[in-house]
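Predicted, not measured: the structure shown is a model, and the values here were computed from it. Proteins get letters first, then strands, A, B, ... in listed order; numbering begins at 1 in each.
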Amino acid sequence: MPSVKLPLSALERTRAISKNFFLHIHSARLDPYVLKPNFTFGLGVVAVSLFIILMCSGILLLFYYTPSVERAYFSILDITYVVSGGRFLRNLHRWSAHGMVFITLLHLARVFYTGAYSRGRGLVWYSGLILLILVLSFSFSGYLLPWDQLAYWAVTIAANIANATRELGLPAYIDPGRFVKNILLGGEQVGQATLTRFFMLHVVFLPVSTLFMLGYHFWRMRKSDGLCTPVQLSSQKSEESSENTDPDHPDKTKWLSWPVLIWAETAIFVGTLAVVLFFALLLDAPLRAIADPALPDNPAKSPWYFLGVQELVSYSAFSGGIVIPLLLLTGLFLIPVFDHEDTAAGIWFSGGKGLRITLLSVLFALPAAAGAIAVSSLSTAAFRGYTFLTILINPGTMLTLLYVAWAILVGKRYRSSRFSAIALFTVSAVGFIVLTVTGIWFRGMDWQFSWPWGV
Amino acid sequence: MKRREFLNRIAFGTLITGGAVVTSAVLQIPVPQTGAGSRRHGIGNINQYPLNHFTFLPEKNIYLYRDRKGIKAVSAICTHLGCILQRSDAGFRCPCHGSKFNNRGEAVSGPAIRDLDWHSVIREPDGRIMIIEDISVSPETLLEI
């Protein structure tokens with residue numbers, strides 16, 4: 001039996017990282033501050049762990065899944081009831097996918113609130129946003145594959161959201177939405193062509209793009225000197241050496257990554273795996289009746305992370321399904337362009353004042369969003385004959401205007417782009433959460449408002 | 001201009017042009033050829049459809065209305081986001097986002113802003129009755145029986 005020799009000297013520990021293909025994406029030395037659990041909560045590593053779990057479970061599901069309209073639903077039934085361990089595998093894949101969306105959003109919030117997009121980390125932020133889009137595309141393409149009622153109607157609705165530009169009355173040949181819809185569906189309606197396309201996206205295009213983008217995300221982060229840590233703390237760091245500092249290196253504020261970073265990451269991976277395994281054992285992934293192109297479920301609800309958008313499109317397809325999501329995405333991309341105040345970067349909420357602004361923004365955003373939902377129950381009879389005006393005037397657009405005004409107000413009051421960004425991010429996040437919660441629990445038959453306890 | 005510089009420009013220009021041509025050709029591949037499918041539907045014997053009633057034709061996603069004077073056909077696809085409408089007392093309602101339409105197919109409330117399409121119903125020379133989806137008509141137009 002060959003003996004396992006652990007690297008002990010500083011040189012060996014440096015080499016353990018830099019000469020290993022899988023470990024060399026880490027730097028050989030790190031700022032010990034990044035290991036504080038309440039600084040990052042390890043969210044990025046959790047997301048990567050889920051991605052690995054999804055790749056493994058997805059490859060195994062591919063042994064049995066058949067991407068044809070006639071066979072897809074029954075191959076899922078086979079996986080669930082015939083293949084040994086198949087039900088468990090599908091549960092694992094489904095719950096990891098939900099977790100992936102949830103954790104990626106939390107990771108986005110963590111990076112934003114600690115200001116980690118500044119000090120030359122713009123490209124890390126942009127590649128992260130592209131990864132968010134890829135994660136959402138993964139989920140979207142993935143839930144067509146079972147070919148059940150949820151799959152069919154969610155994709156029909158989403159394709160028609162893209163096509164909502166027709167509400168502007170453009171001629172067909174310059175209508176960008178119609179073009180996107182046709183590219184997505186491979187035809188006028190959801191059918192075999194759509195399933196083939198989504199299958200290809202889900203198992204080839206998106207995994208390859210995500211692996212590439214992840215690689216870029218990590219590489220760019222290393223080139224930006226690792227995670228964004230607070231400046232003043234680095235200068236206060238003591239010169240005292242510990243077992244983790246490199247005696248031969250002049251910078252005594254850094255630790256050797258081996259083994260502390262590897263321990264931390266392994267622990268997070270194992271923890272993540274334990275949680276999704278637990279869910280997979282306990283809860284079965286839902287599967288509705290086989291897709292019926294003549295009869296949508298009532299209510300036809302998409303998965304939780306798209307219910308915010310579904311609530312918005314129930315006000316207006318064009319402004320709720322295209323304009324507001326694009327504004328949100330553009331806003332996220334523009335944050336590093338407009339905010340250059342990096343003195344407090346690396347500190348949660350940029351300190352006490354930022355935390356107060358965050359809490360104030362929550363207090364402002366909650367009643368505003370609740371008001372929008374209350375308004376949405378009003379009759380639109382006043383628009384009779386001028387229904388196209390609802391594109392401009394609806395609860396979604398009004399809420400967006402209020403939120404933008406709030407961010408401008410905060411920016412002017414505190415003369416700070418960072419605080420303005422905090423205000424806008426917070427109100428948008430609260431709006432997203434309130435709309436999502438409404439979509440999950442407060443919408444019933446025909447998407448009418450209803451109390452979850454059934455009054 | 002030196003010879004090398006000239007050749008460099010030629011090479012660079014060729015690369016850009018060629019790249020643009022190839023890219024635009026490749027981008028055409030995912031664009032489907034659509035609209036070729038038949039949008040004419042036969043409806044069979046009209047006596048199977050009850051009088052003064054909207055009957056749903058599942059394969060076609062159309063509601064067929066028949067009364068003593070004649071028949072007409074309205075699209076069952078919600079103009080908001082494409083769900084299939086269900087009958088309600090006063091017209092049609094959408095299970096997905098709550099749009100409501102009256103019996104004339106007009107958007108009454110909810111997020112839909114366009115009225116439903118009424119399709120042309122014709123009698124072929126051989127006597128068969130066909131719904132032509134590509135031709136829209138007014139809600140009053142009946143094929144007299």
Check whether [X] gets within reach of chain A through its side chain, its backbone, both or neither, counting any heavy atom under 4.5 Å.
X: B/C94; value: backbone
X: B/K60; value: neither
X: B/Q86; value: side chain

Quick one: what part of [X] sits under 4.5 Å from any heavy atom of chain B, side chain, backbone, both or neither?
X: A/F179; value: side chain
X: A/P296; value: both
X: A/N163; value: neither
X: A/I391; value: side chain
X: A/R443; value: neither
X: A/E311; value: neither

More than 12 non-hydrogen atoms from neighbouring residues, nucleotides or ligands closer than 6.0 Å to [atom1] on [X], yes or no?
X: B/E140; atom1: CD; result: yes
X: B/E5; atom1: CD; result: yes
X: A/F212; atom1: CZ; result: no
X: B/D126; atom1: CG; result: yes
X: A/R71; atom1: CZ; result: yes

Let me confirm one number: the [atom1]-[atom2] distance from [X] to [Y], rounded to the nearest 0.5 Å.
X: A/N160; Y: B/T79; atom1: CG; atom2: OG1; answer: 10.0 Å
X: A/N298; Y: B/C96; atom1: CG; atom2: SG; answer: 8.0 Å
X: B/H97; Y: A/Q310; atom1: NE2; atom2: CD; answer: 4.0 Å

Subject >> Heavy-atom pair count under 4.5 Å with chain B, highest-scoring of A/F318, A/W153, A/Y315 >> reply: A/W153
Original post:
Which heavy-atom pair separates B/P95 from A/D446 by the least distance, and what is that distance?
Top reply: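 Closest pair (atom of B/P95, atom of A/D446, distance): CA-OD1, 3.7 Å.
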**OP:** Dump the intermediate steps for side-chain contact (heavy atoms from CB on, under 4.5 Å) on B/C83 and A/T156, then the final yes or no.
**Re:** CA-CA 8 Å; B/C83 285; A/T156 299; over 6 Å; no
Original post:
Can you check side-chain contact (heavy atoms from CB on, under 4.5 Å) on A/N182 and B/V31, steps first, answer last?
Top reply: CA-CA 7 Å; A/N182 284 348; B/V31 182; 5.9 Å; no
